[in-house]
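Report on the following structure.
Proteins come first, then strands; the chains are lettered A, B, ... in the order of their sequence lines, and each starts at number 1. As a basis for the values below, the full set of heavy atoms in this structure was taken, side chains included, without hydrogen atoms, waters or symmetry mates.
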There are 2 protein chains.
Amino acid sequence: MASKATIHDVAQQAQVSAGSVSRALNNYPHVSEELKNRVLAAAVALDYQPAYLAHGLRRGRSNSVGFLVGTIANPVISTIFEAAAEALSTEGFTITLVSSRNQAELDVACLRLLASRQVSGLMVSSAAEAPEPARELIAELGIPTVLLDREASAEAHVHAVQSDHASSIKEAVAHLTEQGHRQVAFLGGPADFYPTRQRYAAYRDALRALDLPRRRELCRFTSFTERAAYAEALLLLRSAPPPSALIVAGNIILAGALMALQDLSLVVGRDIALVACDDIHLTRLYRPPITAIRRDLKLLGATAARLLLQGMQEGAGAAERVITLPTELTLRESTQYAPTRLPSAPAGGEEFAGVALAR
Amino acid sequence: MASKATIHDVAQQAQVSAGSVSRALNNYPHVSEELKNRVLAAAVALDYQPAYLAHGLRRGRSNSVGFLVGTIANPVISTIFEAAAEALSTEGFTITLVSSRNQAELDVACLRLLASRQVSGLMVSSAAEAPEPARELIAELGIPTVLLDREASAEAHVHAVQSDHASSIKEAVAHLTEQGHRQVAFLGGPADFYPTRQRYAAYRDALRALDLPRRRELCRFTSFTERAAYAEALLLLRSAPPPSALIVAGNIILAGALMALQDLSLVVGRDIALVACDDIHLTRLYRPPITAIRRDLKLLGATAARLLLQGMQEGAGAAERVITLPTELTLRESTQYAPTRLPSAPAGGEEFAGVALAR
DNA sequence: ACAGTCGCAGAAATCGTTTTCCGACAGGTG
DNA sequence: CACCTGTCGGAAAACGATTTCTGCGACTGT
């Protein structure tokens, strides 16, 4: 009913041609006030809604941007995209959402789907990374694209918004060192994943700069499932000598790590210091509150939207842009007190280490 | 490049007419094997992707379903929609996502937008509820629709998937009563919100059935922001006599409530028993773990998708369907031990009751 | 051998817009 | 008065698919 009236109905009602209706409604030059008013009145009277499909077909663009996500069921991702969606929709764009279900091999199929939908822009927070076929496809598609927290591309139409993970990681390691920690562990996402690479590199550099021991077994990578993160965290925590501090990337991984800590009866802030890489409800509300690296997710989404809007406007014009947004280390109790595992408390420390070793 | 080849290019390559290409590709009857092969080969050679817009325009349907959400930045919502999106996309549908930013007055505009996009189906988890104009619009739009955890509609094309909030709430109240609690508080979402109404009604009925005091000030409703939930929780917890148990609806509200509890130095499981209405990472990982009402969010989403697919297939055919899925109360330590606030100290108990009567 | 089906495929109409093309008309100028 | 310039709006051609219409052969039954 609502979408039943066509432009011809409006034209008939207003006693003009269909072309004039189109011109009047789209604010073309050289349209008389009088005609415009007549058309507007008729459109309102008939509750005319232009048929999007026909509009897009003729115009050659769909006025919709494609969102490719690994999963939307992650509060960090969904917050970013919500902000981006808001900015884009106020500019008249619709969002077409596709999830590759965290399966890298589905990325390409999802992109093709979006391309066949003739999206006018692309926002990508895909499952996988790097030399991947998905990147090539994005490059050859020629659609203005913004990568979210992914390795930037050299293509002119492919922009990127990233977070400065490195500086906060370095800050965190420095902070832990000041508290006396020397065995600092790192639990990251998939090793080829851009944020993980950034964080890991910063972690490694910081250890080197501060002359801390760099032990391979204190550094593990896991997929984005709680179960996998739990398993890796267990392995990591059981290594000898055990870590006295742990940096975990991502909120799902944090959940797995906390489960592992609880299963090993390790109390955060007492037996081990903990730093999380995204600030979610859990980090603030956990007892003790967990030190976390914060970033403005809404700003990230909004910035990405702005970049994409620019990219879509200038067509295949200017060169690619990369924007890096700051992160901020928020200290909380999980890193505030020197854990008992620290070698500074000699006897107790030994004992705890012994227990940990014995499982 | 990828979407550059049209059906005419394929026709030319295969030395047939455009119509035949369409028939061959869409598995029409009366197409010779030989022609079909030739067309298929040509299509592959040219990497032909049918133009979605033209296809939809001619067919009259867009092969995309609209998702209307209050916000996607809520893990419960996004998990449901992720599951629904997966089921729908395997059937060849695309998702068009619109967020009304939790503003009830935007619901209608969002629906109109989706309607103008000629979506073939609608999935609604809108901000607001009830006699609202949005419901009327959905009714008159005539698009097959599934409401997610919302009041069902009498319209033939409007289906619903709901959760059986009531039974678990009753179970929770019974459990609390068994532990000796008499001052059971309830912190819900907006009062006109379907899940809140269901939960509140069940809570009230359970109190009545178990002959517990029903005090208005122990029952508060809040919007879906952490700040608001925090404020209401403070008021609720400060009422005299204070509640010894608290049931909170929704994950955002839980976060606000936990903040309030921490600010008042009330320890969950010791000073107050706590029941949450959605099982998220936070409930499982909080110390102590929080008793929660669980439901299978993926099943909810998948069921909604199934309902919508049915609805879109049978057109304006059969009548509306409502499916109610079970919930399950998972007991954890937050309700396991009798809190210190319990009137088991008799004098206090009398006093509490007296105050309760006086309102 | 002839009318009646049936399978197949080309030509053309169609979906609802936008856009191009073109003609009509008004007003100012040489 | 002829001529240009510029505004306005109708008619028709796109856009790229699907679907209807139509006709051509081949096959069947009598």
Side-chain angles (χ1 to χ4, degrees), chain A residues 1-43 46-64 92 94 113 115-120, chain B residues 1-40 42-43 46-64 92 94 115-120:
Chain A
M1 181 114 323
S3 66
K4 205 60 171 296
T6 79
I7 201 171
H8 291 104
D9 301 330
V10 177
Q12 195 175 354
Q13 170 97 2
Q15 305 273 31
V16 293
S17 77
S20 302
V21 174
S22 173
R23 281 183 291 252
L25 258 33
N26 294 33
N27 287 321
Y28 272 54
H30 310 322
V31 176
S32 72
E33 265 323 293
E34 191 266 342
L35 181 131
K36 191 185 275 187
N37 289 336
R38 228 165 59 211
V39 168
L40 239 55
L46 294 176
D47 189 25
Y48 168 69
Q49 296 275 117
Y52 162 73
L53 291 171
H55 174 103
L57 174 59
R58 184 61 239 250
R59 276 253 166 107
R61 56 199 166 84
S62 65
N63 257 31
S64 115
T94 296
L113 181 67
S116 80
R117 254 54 178 173
Q118 295 173 278
V119 293
S120 21
Chain B
M1 180 114 320
S3 66
K4 206 58 171 296
T6 80
I7 201 170
H8 292 103
D9 301 331
V10 177
Q12 193 174 357
Q13 170 98 3
Q15 305 272 32
V16 293
S17 78
S20 302
V21 174
S22 173
R23 281 185 290 255
L25 259 32
N26 294 33
N27 286 321
Y28 272 52
H30 310 321
V31 176
S32 73
E33 235 7 77
E34 190 267 339
L35 180 132
K36 190 185 277 186
N37 288 337
R38 226 165 59 211
V39 168
L40 239 57
L46 295 176
D47 190 24
Y48 168 68
Q49 296 276 118
Y52 163 73
L53 291 170
H55 175 105
L57 173 59
R58 187 60 243 250
R59 277 257 168 105
R61 56 201 166 82
S62 66
N63 258 31
S64 117
T94 296
S116 80
R117 254 53 177 174
Q118 296 173 280
V119 294
S120 20

Does a distance-only test, which skips hydrogens and angles, find a donor-acceptor pair under 3.5 Å between the side chain of A/Arg61 and the base of C/dT18? no

Polar pair under 3.5 Å, donor/acceptor by atom type, side chain A/Arg58, base C/dT18: yes

Please report, rounded to the nearest Å, how far the [atom2] atom of [N] is from the [atom1] atom of [X].
| X | N | atom1 | atom2 | result |
| --- | --- | --- | --- | --- |
| B/Ile7 | C/dG10 | CD1 | C1' | 13 Å |
| A/Leu57 | C/dT19 | CG | P | 12 Å |
| B/Gln15 | C/dC8 | CD | P | 20 Å |
| B/Asn27 | D/dT18 | CG | P | 12 Å |
| A/Tyr52 | D/dG16 | OH | C1' | 15 Å |
| A/Leu25 | C/dG16 | CG | P | 16 Å |
| B/Gln12 | C/dG10 | CD | P | 13 Å |
| A/Gln49 | C/dT17 | CD | C1' | 15 Å |

[X], nearest nucleotide to its side chain (from [options]):
| X | options | answer |
| --- | --- | --- |
| A/Arg59 | C/dA9, C/dT17, C/dT18 | C/dT18 |
| B/Ser22 | D/dA17, C/dT19, D/dT18 | D/dT18 |
| A/Asn26 | C/dA11, C/dT18, C/dT17 | C/dT18 |
| A/His30 | D/dT18, D/dG16, D/dT7 | D/dT7 |
| A/Val16 | C/dG10, D/dG10, C/dT17 | D/dG10 |
| B/Ala54 | C/dT17, D/dG16, D/dG9 | D/dG16 |
| B/His8 | D/dA17, C/dG16, C/dG10 | D/dA17 |

What's the spacing between [X] [atom1] and [Y] [atom2] if we round to 0.5 Å?
| X | Y | atom1 | atom2 | answer |
| --- | --- | --- | --- | --- |
| B/Gln49 | A/Arg117 | CD | CZ | 10.0 Å |
| A/Ile7 | A/Ser22 | CD1 | OG | 5.0 Å |
| A/His8 | A/Ser17 | NE2 | OG | 9.0 Å |

Under 4.0 angstrom, heavy atoms only, what part of the nucleic acid is A/Pro50 near: base, sugar-phosphate, or nothing? sugar-phosphate

Which part of the nucleic acid does B/Leu35 contact within heavy-atom distance under 4.0 Å: base, sugar-phosphate only, or nothing? sugar-phosphate

Quick check: closest heavy atoms across B/Val21 and B/Val10, and the distance to 0.1 Å? CG1-CG1, 3.9 Å

Taking every non-hydrogen atom, the tightest pair across A/Gln13 and A/Ala42: CG-CB, 3.4 Å

Would you indicate, yes or no, if [N] has its OP1 or OP2 atom less than 4.0 angstrom from a side-chain nitrogen or oxygen of [X]?
| X | N | answer |
| --- | --- | --- |
| A/Tyr28 | C/dT20 | no |
| B/Thr6 | D/dG16 | no |
| A/Ser20 | D/dG10 | yes |

Return whichever of B/Leu53 or B/Arg23 has its heavy-atom-nearest nucleotide of DNA chain D closer to the 5' end. B/Leu53

The single option from A/Val39, A/Leu40, A/Leu25, A/Asp9 that satisfies side chain to side chain contact (heavy atoms under 4.5 Å, CB included) with A/Tyr48 is A/Leu25

